[in-house]
Every structure is written in structure tokens, then in C-alpha cells.
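A quick write-up on the structure given underneath.
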Amino acid sequence: MPTETVYGLAANALDARACRRIFTAKRRPANDPLIVHILNVTAARRLADFPAPARALARAFWPGPLTLVLTKKSVVPDIVTSRQSTVALRSPAHPLARQLIALAGVPLAAPSANPFGYVSPTTAAHVLDGLEGRIAHVLDGGECGVGLESTIVDVSQPGRAIILRPGAISAGDLRRALAKQGLRLRISTARRHAVLAPGMLPHHYSPRTPLTLGRAPRSARVAQSKSGVIHWRKPACPRPTDAWLSPRGDVSEAAHSLYAVLRRMDVAGFDRLYCERAPVSAGPLGEAINDRLTRAAAKTRR
Ligand code: AMP
Ligand code: MG
């Protein structure tokens, strides 16, 4: 199903057998828990405890690209949460995702609709590239608007919020929304809590072509080069081996096109890819892009 972040591979979150098929289709390890998609807070409260900070954040950002990790209730099958006591919940804004959840009449567990570890899908064609023959249908909702996975924040422990995955909604956004309701939490990031962030692997979102971050050496930009170069913004004199995330360096546009550009360059026959990082001026969304790029470039067993 399309969502405003990336395409998701959906199953009835209350049916362990259906959820097992997600893991099989994606070849996803069982220790990487799923995000459950619901329409609203009322539906969320059937699945998890919903303390005041969670209510404040849901009021501010749902429907939208924010996932809340909360203490789960027993109706949620163990397979969804990788046997943890918490469940990740999100209310998507995409109209087709919302219609699908409404028609299904059940919460939908849906991780990104790609083989485990590969670049996330932001079009229906991307989904078929990775999962054709392994899934029943693709609901085509066009290109995903945000293009980057949701911000994940763990609010299951009193007095603190831990950002497990950076995304379009920043720590500052969270702090302001909490303050509006008179709540002051300690907000920290997952780096110091690696054990709390299952599935947040050092290498992930990876093209098959080796990827190096930073400016490409001059030799990578000559005519006979076998290297592809992804620029942050369109170069003054682009070469056939160049791509860019946004013509004028707009961060939302860069997030929107990041995975499509990585995929296109991955199948263009290059021996190596170079990708420029988001500049500091790109703000929190730029940091989220750099989080994905760092994982995409991390060394794997290829
Ligand atoms: P995906 O939907 O493929 O982007 O992956 C969902 C991610 O959400 C997982 O890889 C985890 O990092 C995170 N997640 C899901 N459930 C939990 C949970 N109960 N606690 C912490 N993180 C979670
Ligand atoms: Mg994923």
C-alpha cells in the first residue's frame, strides 16, 4: 500500500499467520519488528497504552510521518513486535492507505515493501522490482510525497522520549508539541540506546553498487568513468554519469527523490556510486537523509 513515507507491505496486524507472510516475502529477520498502521488514537488505544505524551504527539502529528513506540496490549501478536513488550504505531496520512485500513476494518502491520536491506520503495514499480511474484497485489498511489521513512519515537517510558529513527518530524517539532500540552520530556536519540532500536542496522537501505559518501574524486567525473555521481543539487555542467537529488537543492524535494535516484543509479551499470551528503543548512530533514545515506554506504557482505 502507498503511504506518504514509503510503500508498505501490509497484513492484518492481529493475525500472526498473515504477519509471518510479510517476513517471508521480505526475507526479513524475525528480530526486526513491524510498524502497525491505524486510523486514529481510538484505534491505537486498543493496541497499546497511551500516556499523556503519546496523546500530545498524536494530536500534533497524526495522521502523518510519526511512529510512536508504546507498551503493547495482549491483542498484538508477538510476531509483530519481535516478542518485545512495545509496539510501534502510526496513523498514515495517505488517502489510499486510510481507505485500505478502513475497508480492512483491522490494523495493518506494514514494513517497507522491499526485500530486507535494499533501498525502500517510493513507487508501485519499485515494489514490483523487488517483490514481484512474492506478493498478491500493489495498490498504486503514485509517488510517495515525503519519500523517507517515518520518525520513530519511543514514549513507552515515563518522562523521556527516545528518537529511534530520524525523519521528517524533528526533535524540535516533538519538543514544541509536548510543550504546548505543558509536558517536558527528556528527548534523546537512539545512538546511545542501540539495544532499544531493533532493526536499526548499521547497513540498510543499500544499493547493490558500492556507495561512497562525499564529493567524488575528479577521476570519477571524466567521460570514460565507470562511476556514477549523485549530487545534492544540479551541477552547472552535468555529465551523463551525474544525477542530483533536487535541481535547486531543496531538502523536501531531495528526500522525495532520494530512493528513486539511488535505485536508478544502482541499475545504470556503474562500478561505484558517489553521493554527496545533505548540507548542514538542510536542517533536521537533511540529517534524516544523511542517516539513510550513512547506512546505505556502510560496508556489507556483498
Ligand atoms: P520499516 O517499516 O521497514 O521501516 O521498519 C520498521 C522499524 O520500526 C523497525 O526496523 C524498527 O527499527 C522499528 N520498530 C518497530 N517496532 C518497534 C518496537 N516495538 N520498538 C522499537 N522499534 C520498533
Ligand atoms: Mg524497511
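Position 1 is the first residue of the sequence; numbering continues from there. Start at 1 and go down the list; that is how both ligands and their atoms are numbered. This one's a predicted model, so the numbers in the text were calculated from it and none came from an experiment.
Between Pro210 and Leu273, the closest side-chain pair of non-hydrogen atoms is not below 4.5 Å. A 4.5 Å side-chain heavy-atom check between Ile35 and Leu89 finds every atom pair outside the cut-off.
Residue-level proximity to ligand 1 for Lys72 is absent, since no heavy atom of it falls below 4.0 angstrom. At a 4.0 Å heavy-atom cut-off, ligand 1 touches Leu164 through the side chain alone. Within the 4.0 Å heavy-atom criterion, the part of Ile152 lying near ligand 1 is the side chain and not the backbone. Contacts of His204 with ligand 1, taken as heavy-atom pairs under 4.0 Å, are absent altogether. Counting heavy atoms closer than 4.0 Å to ligand 1, residue Val69 contributes side-chain atoms (C-beta onward) but none from N, CA, C or O.
Environment of CD in Gln181: crowded, with over 12 heavy atoms of neighbouring residues, nucleotides or ligands closer than 6.0 Å. At most 12 non-hydrogen atoms from other residues, nucleotides or ligands lie less than 6.0 angstrom from NZ of Lys180. When the shell of 6.0 Å around CZ of Arg134 is examined, it contains more than 12 heavy atoms from other residues, nucleotides or ligands.
Relative to atom 1 (P) of ligand 1, the option among Ala109, Ser112, Ser156, Ser150 with the closest non-hydrogen atom is Ser112. Between Arg165, Arg83, His37, it is Arg165 that holds the heavy atom closest to atom 4 (O) of ligand 1. Between atom 15 (C) of ligand 1 and the options Pro33, Gly167, Gly8, the minimum heavy-atom separation is to Pro33.
The shortest N or O to N or O distance between Lys26 and ligand 1 is not under 3.5 Å. Considering backbone and side-chain atoms alike, Glu149 places every N or O at 3.5 Å or more from each N or O of ligand 1. Distances between N or O atoms of Thr81 and those of ligand 1 include no value under 3.5 Å.
Remark: the Arg277 side chain and the Thr294 side chain contain no N/O donor-acceptor pair separated by less than 3.5 Å. If you check the side chains of Ser150 and Arg165, you find a donor sitting under 3.5 Å from an acceptor.
Taking CZ of Phe23 as the start and CG of Asp32 as the end, the distance is 7.0 Å to the nearest 0.5 Å.
For Glu253 and Arg233, the salt-bridge test fails: no basic side-chain N is under 4.0 Å from an acidic carboxylate O.
At least one heavy atom of Leu34 sits under 4.0 Å from some atom of ligand 1.
Interface of Ile35 with ligand 1, defined as ligand atoms under 4.0 Å from a residue heavy atom, comprises 2 (O), 6 (C), 8 (O). Near Thr86, meaning under 4.0 Å from any of its heavy atoms, are these atoms of ligand 1: 18 (C), 19 (N), 20 (N). For ligand 1, the atoms closer than 4.0 angstrom to any heavy atom of Asp32 are 9 (C), 10 (O), 11 (C). Counting atoms of ligand 1 from 1 in the listed order, those under 4.0 Å from a heavy atom of Gln84 are 18 (C), 19 (N), 20 (N). Ligand 1 places these atoms under 4.0 Å from at least one heavy atom of Ala88: 15 (C), 16 (N), 17 (C).
When all heavy atoms of Pro77 and Asp15 are compared, the pair lying nearest together is CG-N, 4.3 Å.
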**Message:** Assess the residue pair Glu4 and Arg90 against the criterion (salt bridge (Lys or Arg N to Asp or Glu O under 4.0 Å)); give the C-alpha distance rounded to whole Å, side-chain angles, the decisive distance to 0.1 Å, and a yes or no.
**Reply:** CA-CA 12 Å; Glu4 72 276 30; Arg90 182 168 99 83; 2.8 Å; yes

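Under 2.8 Å from the Mg ion (ligand 2) lies an N/O/S atom of Ser112, whether from backbone or side chain.
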